[in-house]
Every structure is written in structure tokens, then in C-alpha cells.
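First comes the structure, then the notes that go with it.
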Amino acid sequence: MNNIKKLIVIVGSGFAGINAAIQLRKINSNLSILVIDSKSQFEFKPLLYEVFSDEIQSWEVIPSFDTIFANSGITFLRNTVKLIDLDEKFLILKDDFKVEFQYLILSTGSSPNDFSIKGVKEYAYFFNTNKDQRKLKNRLKQPLLKNNCKKIFIIGAGPSGVELACKINDLYKTKFEINIVERTAEILNNNKIFNKEEAQKTIKAKNINLLTNSSVIEIRDKEILITNKSDQVDQFPYFAIIWTAGIKPNLPEFVQKIQKTNNRILINNKLQLPCYPNVFALGDISIIEGKTNLPITAQVAMQQGLHAALNLNLLLQKENPIPFQFKDNGEMISLGIGEASISGLGLTLSGKFAFDLRRIIYASKMPKIDKSIKSAASWFLGKKSIINQFINR
Ligand SMILES: Cc1cc2nc3c(=O)[nH]c(=O)nc-3n(C[C@H](O)[C@H](O)[C@H](O)COP(=O)(O)OP(=O)(O)OC[C@H]3O[C@@H](n4cnc5c(N)ncnc54)[C@H](O)[C@@H]3O)c2cc1C
């Protein structure tokens, strides 16, 4: 078995992992850091809708890790972690490679949860990765044949379901009949009131059907079964079903038993595993003891990545780590081609200007990358007038 030894190992290079790695090197450029990810590219998920609608090119928001970590002093390894031994401080990779660490940051994100509902895995499309977005785009581009049904069902009226419904409506106009299916009585249950109201207006204006208090009980080859408000089962034919109803954490296997809440790794307010102060678990995979209401978002993951870097450095200096405080910087959702809604930091905005501002803000959140790749920043620089307009407000 091959063996690597590193002071700091980061598993999962998404929003939390990338920010932790870059911040650690900023704090101390001598640290030896290994980042492991099963993919070769970083995916800026909040802008996947715009990649889907061709408003943004994929290269702008899906840069390769080789590019991101070039000349950073951080080692990147493309591989999948399959087992972690927290007591012996090593992990095993897919090809049986062994990696020893002194400090570990886990940030492996999440993937769609089908809640074991029959037929979801087989027949539904997901929207969690660039690969998912390409698969869905290919399906929707297929022509409607004479005997094809026009109905699309989007399951889950959270941000993903609502944002996708609006984009698909604007892209395909009358080609499809779009239905959003939501288990509860409302859309965007965990979102800000302003964004929720803007989304409700937009859904109405775009003639998107909303089936509330309705749950999918099974998906078959040609039909979907949904229980409706009156607890009756309706059966519909469909052209495509898109599953955005929930996520579950991507947890590698552990030798030791670790504490979990809602299947996510339980951590203390310094972001460490309670019995393993040298191990941090961040982003979608973890939950802070007593703070179960933190949103599962990129914003939280990024802030935790930066904070874990600070705390890990304090441990290296033999000082005490400090508690994590989430700063709510607001929330942004896209509502169709060129339209968005923003609520936060005392600002509420919707429409075209909100769409431009959302892209500017996201461009500024892209990992710092080499000049050779222009990223969303190229677009950002071309929008100076918008920035000035915003600054002068
Ligand atoms: C379509 C979509 C839109 C979204 N929009 C927003 C938004 O507008 N605002 C917002 O704040 N949040 C948004 N989110 C949520 C946000 O993207 C996630 O909360 C965020 O990505 C979580 O960051 P993370 O670092 O925990 O995980 P991720 O960013 O998912 O990164 C996890 C990384 O771990 C890697 N990995 C997984 N398992 C292993 C393994 N065993 N070994 C090695 N590597 C592994 C993966 O390849 C991945 O690169 C959106 C999510 C989706 C899917």
C-alpha cells in the first residue's frame, strides 16, 4: 500500500474546503496542505442555473482544481476517500492509498436525497452537479413527439425547484407545462419573506402550476403518482421529472462511531468533532450542536471554511480556538432569464438590476484563480456601470 504523510489534509474541495485551504496558506505560507477531491473541477453551484440557460459558459464557473491551486503551494490530489480512522489519524483512498494526517478538515458536501421513494433514482433528473445540468438540458432539448406528454414535474418548491421552474419556463416558453409539487402548503419555506413573495408573483405571472400539500409516492416509467390535498392519489403522464426535494450528506465511512444529528456530523461551536479536536467537519455534512437552524448553504460553508482555517492555526500556535458566528449576508434567488430577487443587509431588490447584482456578488465569491482563466470576473469587469449605479444608491 502506498503512503503519503501531510500535516493538514482537507477532504472535499467545495465551498468550505477551498476557502479553508486558501485561507490557511494566507495565514501561514509554510503549512503543508493536501486537498483531496473526487472531482477535477470546482463547481460554483449557485450559478448552475445560468449555465443551464446558457447565460453563463461553464468554464466561467467551473474552473479546474489544477488551475485554482496552481502556484499556491497547496497539493491537490484527485481521489475519493473511502475510510477514515480518527484515532490512528489516517484515511484510505479508493485505490487503497493511505494518507496520514495530523489535522483533518472534512467537507464532502451533499447529494440529492430520494427518501427511498420508489422510482426516483431510476426515472427522475437531479440538479446538483454540472453533469446533472447537462443531462437535464439534453432531455429538455429533445423534440416533443406526437404521443409525448407536455408535463414537467419539479419536485420540491425550495430555491432549486423554484429557480429551475422559472428558467425552464423562460427557455422553452409553451413547449412544456410546468408543475411544481410541494409537500407543504407554501413555496420557499426557509427563505426570506421578500424573496418568497417575489417568487410567488413570478410563478403566477409565468403560469407555472403549483401543487401544494402534495407528495410524490412513486415514479414509474411513464407516470408519476402524487397524493393531493384531499389525500387522493393522482396519476399523471410526464415528459420529465426533476427531483429537488432534499439532500443528504456525503459521509465517508469511519472506523470509529461518530455522533450525528439528522444524519449530519455533530460538531462543537469551534467546528471540531467533540472527541477529536484535530478534526473539523464543515458545510453541508455537519451540524453545530445547539444551532440546528443554520441554513445548508454555500454562504455558511464558505464562512466555516475561513473560520476553521483560523482555528486550526490557533491550535498550531497552542492557543484556544474560538466559536464560529454565522453572519447572514442575505439571500439571492434567480427568477428566470435575466431576473432575480435579493433580500438582505437591509436591501430588497428584484428584477433585472437584482440579476446583475447577484452575478457581481457571486463573481466576487469565486475562488482566487490564475489570470489565465478569466472566469465570471470578465463579465464583472464589463459591468462597471452597474457597480457604480449600485455604489451610488
Ligand atoms: C443547484 C444548486 C444551487 C445552489 N444555490 C445556492 C445559493 O444560491 N446560495 C447558497 O448559499 N447555496 C446554494 N446552494 C447550496 C451550496 O451549493 C452548498 O450548500 C455548498 O456547495 C456546500 O458546500 P460544501 O463545501 O459543504 O460542499 P460542496 O461545495 O458540495 O463540496 C463538496 C466536495 O467534496 C467532494 N467529495 C465528496 N465526497 C468525497 C469523497 N468521499 N472524497 C473526496 N472528495 C469528495 C465533492 O466532489 C465536492 O467537490 C446550491 C446548491 C445547488 C445544488
Side-chain angles (χ1 to χ4, degrees), residues 9-21 34-52 61-65 68 76-84 91-95 97 99 105-113 126-133 136 156 158-164 167 188 190-191 195 242-244 246-254 264-265 271 280-287 294-306 308 326 328-334 340-342 344 358-359 361-362 365 367:
V9 174
I10 299 178
V11 182
S13 190
F15 283 92
I18 244 174
N19 277 286
L34 171 69
V35 175
I36 305 171
D37 200 291
S38 35
K39 292 199 185 124
S40 60
Q41 290 167 312
F42 172 72
E43 295 185 348
F44 196 99
K45 291 182 180 178
L47 288 174
L48 270 188
Y49 311 103
E50 280 69 30
V51 177
F52 174 76
V61 289
I62 306 176
S64 75
F65 290 123
I68 292 171
F76 175 73
L77 177 67
R78 183 175 179 192
N79 212 314
T80 300
V81 171
K82 57 173 200 190
L83 182 72
I84 301 177
L91 38 94
I92 303 290
L93 306 181
K94 203 172 67 184
D95 46 13
F97 232 77
V99 179
I105 295 182
L106 291 172
S107 44
T108 40
S110 54
S111 43
N113 192 348
F126 298 101
F127 201 82
N128 189 51
T129 62
N130 188 36
K131 198 170 159 198
D132 293 340
Q133 111 22 59
L136 177 62
S160 280
V162 169
E163 292 183 76
L164 256 181
K167 285 287 190 216
L188 299 177
N190 300 317
N191 293 76
N195 286 347
I242 308 164
W243 190 263
T244 65
I247 51 167
K248 58 175 185 221
N250 300 323
L251 297 182
E253 220 179 292
F254 292 90
R264 293 164 74 200
I265 301 173
L271 311 180
F280 294 82
L282 316 174
D284 288 6
I285 57 160
S286 65
I287 194 158
L294 269 193
I296 307 178
T297 61
Q299 204 185 126
V300 171
M302 286 171 88
Q303 290 182 26
Q304 290 190 340
L306 297 175
F326 172 59
D328 186 351
N329 291 324
E331 172 196 285
M332 310 187 279
I333 57 171
S334 70
S341 175
I342 299 182
R358 175 175 169 271
R359 275 189 64 172
I361 292 169
Y362 280 148
K365 304 280 178 209

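In what follows, residues are counted from 1 in the order of the sequence shown. Ligands are counted one by one from 1 in listed order, and the atoms in each one are counted from 1 as well.
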On a heavy-atom basis, the closest approach of Lys39 and Thr129 is NZ-CG2, 3.7 Å
Point-to-point distance, once rounded to the nearest 0.5 Å, from CD1 of Ile84 to OG1 of Thr108 = 7.5 Å
Partner set under side-chain contact (heavy atoms from CB on, under 4.5 Å) for Asn79, not counting sequence neighbours = Ile36, Leu77, Leu93, Lys94, Asp95
Does the pair Asp284 and Phe15 meet the rule for a side-chain contact (heavy atoms from CB on, under 4.5 Å), with working shown?
-> CA-CA 10 Å; Asp284 288 6; Phe15 283 92; over 6 Å; no
Between ligand 1 and the protein, tabulate every N or O atom pair separated by less than 3.5 Å, reporting distance only.
from     : atom 1 : to     : atom 2 : distance (Å)
ligand 1 : 8 (O)  : Tyr362 : OH     : 2.9
ligand 1 : 11 (O) : Ala298 : N      : 2.9
ligand 1 : 11 (O) : Gln299 : N      : 3.3
ligand 1 : 12 (N) : Ala298 : N      : 3.0
ligand 1 : 19 (O) : Asp284 : OD1    : 2.8
ligand 1 : 19 (O) : Asp284 : OD2    : 3.4
ligand 1 : 19 (O) : Ala298 : N      : 3.3
ligand 1 : 25 (O) : Phe15  : N      : 3.2
ligand 1 : 25 (O) : Ala16  : N      : 2.9
ligand 1 : 26 (O) : Asp284 : N      : 3.0
ligand 1 : 29 (O) : Phe15  : N      : 3.2
ligand 1 : 30 (O) : Lys45  : NZ     : 3.3
ligand 1 : 41 (N) : Val81  : O      : 3.1
ligand 1 : 42 (N) : Val81  : N      : 3.0
ligand 1 : 44 (N) : Ser38  : N      : 3.2
ligand 1 : 44 (N) : Ser38  : OG     : 3.4
ligand 1 : 47 (O) : Asp37  : OD1    : 2.6
ligand 1 : 49 (O) : Asp37  : OD1    : 3.2
ligand 1 : 49 (O) : Asp37  : OD2    : 2.6

Could you point out which residue of Ile247, Asn250, Asp132 forms a side chain to side chain contact (heavy atoms under 4.5 Å, CB included) with Ser111?
-> Asn250
Tyr49 vs Phe127 aromatic rings, parallel, tilted or perpendicular, using cut-offs 30° and 60°?
-> parallel
